[in-house]
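The figures that follow rest on heavy atoms only: side chains count, while hydrogens, waters and symmetry mates do not. Every chain is numbered from 1 and lettered A, B, ... according to where its sequence line falls, protein lines coming before strand lines.
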Amino acid sequence: MSTRKRVSTIFNHQIPQTIRNSLHWLQTEATHLSPPFLPKPPSYLATNIIKSYFENGQIQEAQILFDEMPRKDVVAWTAMISGYNSCSFHKRAWSLFCAMMRDCRGVVPNEYTFSSTLKACKGMKSQFCGSLVHGLAIKYAMPGCIYVDNVLLDLYATCCGNMDAASMLFGEIGTKNAVSWTTLIAGYTHQDDGYGALQVFRQMLLAGEELNPYCISIAARACTSIGSYMHSKQIHAIVVKNGFESNTPVMNAIMDMYCRCGSLGEADVCFHVMTEKDLITWNTLIAGYEKSYPNKSLKIYSRMELEGISPNCFTFTSILAAVANLAVLSFGEQVHGLIVKRGLEGNLELDNALIDMYAKCGNIMDSRKTFDRMPSKNLVSWTSMMIGYGSHGYGKEAVDLFDEMVKSGIMPDRIVFMAVVGACSHAGLVEEGLRYFTSMVHDYNIKPEQEIYGCVVDLLGRAGRVEEAYELIKSMPFLPDETVWAVFLGACKMHKRPELGKLAVSRVLELRPGIAGTYITLSNLCAADGNWREFAAARKLMRRLGNKKETGRSWVELQNEIYCFVAGDKVGSHMEWVYRVLEKLLQHMKDAGYFPELDYFLHDLEDGT
DNA sequence: ATAGGGTTAG
């Protein structure tokens, strides 16, 4: 059925048969009627219909009706602009605004038009269009209208990340309302500046502005980015005090906040107390457990299915991440199956999660297949694929992928540089890795921070260029943190450099005391050096700490069973098999010309750690 | 008749 035909069918259903003719008649012929007899202008009706078309997702129908309107007033134009916004066709909304301004019939935009158009600019993430409209808005004397002011604020804060401009605009708003405050706070959280956000939140409370659910959930989000338990508790208290405990979106934000500052227990309590859970409630808890207790994530998911709640893309992204953490390929394949069955294939974020899952479960081929199948990729897709290649030792592939990505016009960020340098590091491609590091700083003007320095130190360190790594650390434009020293320590250990190693240990201990693993490394370094007195001292220090290094566990999956074991394990009926497999592996290793490094292994074992 | 702020992922 052609679209035009469908339009008339819908007309027949929704409004009387004659309406289309009447519309036309009213607009062309009825203008001579005197006021008391003048019916409501016909464009009211048409505009209403346009609105309801958009609400039902019938976009083409709306456009056709609009095109047929003989006289388009500003309200009709604005309804079209906001309609296109509502279905995320921001570019269409923008071109409608341009068309309206070009229209020779001289339609004058009003405050509604400006707020809708500015929203479209935000949707397009176009600072350029935004400034343009800002200028026009000033020309039409729009600032002063709170709706226009707020969306301008939103544009500068959330879309351009220009908090200076945003604060200035905020200061210029004469009578701020709750939306102004929330928008400013949201801008700070968007910049990951939780402290800035909470500061504004505090000012808002001091200014006597009344609290509302929107603003509470955004404040909770600010806490999330700080990761502070104390602040979280305070926000939760505000929720209780103001009686927002029954507001589902607010409680979702509170749960998310607890999950992200590591208080899963508190999140769980909130979850059980909530009487009205929505899909986001479930998704939040599943995502919360994904990192530290992936199996629990899966359990919550199955309970969700039992309660008849239908999962969406968000749910499956977290589930895939949980499966990736468990590294059980057969689970991952099942989840992939579920996604296909639910018809959720082709979602960008899901595909990204699939790339990551297959790589972490050891199936790099299916990672690549997913990657190649994607109709459009974003930076995360490329990065996930590179990380996958890196962890599988395919440095060359990662490097090629990086170059291909740049050629396809995607702008690299610091994380993708970490991915490619990391991949070079694991594959021994030292020169390439250094080249990317230099390129990041010089060609892309990205300021290096701790993490990327850690990657480069690792790159040099692994390759045995320990001195160079040390020089790099010394030349860093800020004080290296414990992660950088820990990476360096690994290199010293690997290449038997006890002197530099001890230096690294002392730095790590200064910056982050209380980690048993550091003492173990220290003692091993002393042992390798033959210095048994220092060895004993290090071990003693560690015991006084009373904090045991978490046992390193290994597992194999055989015929739907997972067999878990630790070094030196003797119990369990399956251990006999484990040792048999181990012997085979050792033989393969030796055949390939590798010999086990026992130095450190023995000492680690001795403590029963 | 047309306009507003709150869940992903490397």
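- Atom-to-atom, CE of M418(A) to C1' of dG10(B) comes out at 9 Å; the value is rounded to the nearest Å.
- Within 4.0 Å of N212(A), counting heavy atoms only, lies at least one base atom of the nucleic acid.
- Between dT8(B) and R221(A), a contact under 4.0 Å exists linking OP1 or OP2 to a side-chain N or O.
- The side chain of P249(A) lies closest to dG6(B) when the candidates are dG6(B), dA3(B), dT7(B).
- The side-chain contact (heavy atoms from CB on, under 4.5 Å) search around Q203(A) returns W181(A), not counting sequence neighbours.
- Annotation: side-chain contact (heavy atoms from CB on, under 4.5 Å) contacts of V380(A) (sequence neighbours excluded): N352(A), N378(A), S384(A).
- Contacts with DNA chain B (heavy atom under 4.0 Å) in residues 376-392 of chain A: L379(A), V380(A), T383(A), S384(A), I387(A), listed by number.
- For Y112(A) against dA3(B), a side-chain N or O and a base N or O form a donor-acceptor pair under 3.5 Å.
- Under the ring-ring contact (aromatic ring centres under 6.0 Å, His included) criterion, Y147(A) pairs with no residue, sequence neighbours left out.
- Residue contacts shown for V250(A) include a base, since a base heavy atom lies under 4.0 Å away.
- Here the options are F97(A), Y112(A), F114(A), F66(A), the test is ring pair (Phe, Tyr, Trp, His ring centres under 6.0 Å), and the partner is W77(A); only F66(A) passes.
- A donor and an acceptor atom never sit less than 3.5 Å apart when one is taken from the side chain of T183(A) and the other from the base of dG5(B).
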Please list every donor-acceptor pair under 3.5 Å in which a side-chain atom of residues 189-197 of chain A meets a protein atom from a residue at least two apart or in another chain.
unit_1, atom_1, unit_2, atom_2, d
T189(A), OG1, A186(A), O, 2.8
D193(A), OD1, G196(A), N, 2.9

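- Between the side chain of S95(A) and the main chain of R92(A), a donor-acceptor pair closer than 3.5 Å is present.
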Return all side-chain donor-acceptor pairs below 3.5 angstrom for residues 415-424 of chain A, not counting sequence neighbours, or 'none' if the list is empty.
none

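- With centres under 5.5 Å and a plane angle under 30° as the test, the ring of W77(A) is not stacked against the base of dT2(B).
- Nearest nucleotide to the side chain of N312(A), out of dG10(B), dA3(B), dT7(B): dT7(B).
- Remark: P of dA3(B) and CH2 of W94(A) are 19 Å apart, rounded to the nearest angstrom.
- Among the heavy atoms of the strands, none lies under 4.0 Å from A76(A).
- The base of dG6(B) lies outside donor-acceptor range of the side chain of D256(A), with no N or O pair under 3.5 Å.
- A perpendicular orientation is assigned to the rings of Y289(A) and Y293(A), their planes being inclined by more than 60° (bins at 30° and 60°).
- You'll find that the side chain of N48(A) is closest to dA1(B), out of dA1(B), dT7(B), dG6(B).
- Within the 4.0 angstrom heavy-atom criterion, base atoms lie near V179(A).
- You'll find that the side chain of D73(A) is closest to dA1(B), out of dG4(B), dT8(B), dA1(B).
- Of the side-chain N and O atoms in T47(A), none sit less than 4.0 angstrom from OP1 or OP2 of dT2(B).
- Checked against dA1(B), dG6(B), dT2(B), the side chain of K51(A) finds its nearest nucleotide in dT2(B).
- Residue I415(A) places its side chain closer to dG10(B) than to any other of dA3(B), dG10(B), dT7(B).
- Nucleic acid contact for N347(A): none, since no nucleic acid atom lies under 4.0 Å from a heavy atom of the residue.
- At a threshold of 4.0 angstrom between heavy atoms, the contacts of N252(A) with the nucleic acid are absent.
- Residue D413(A) is classed as a base contact, given a heavy-atom separation below 4.0 Å to a base.
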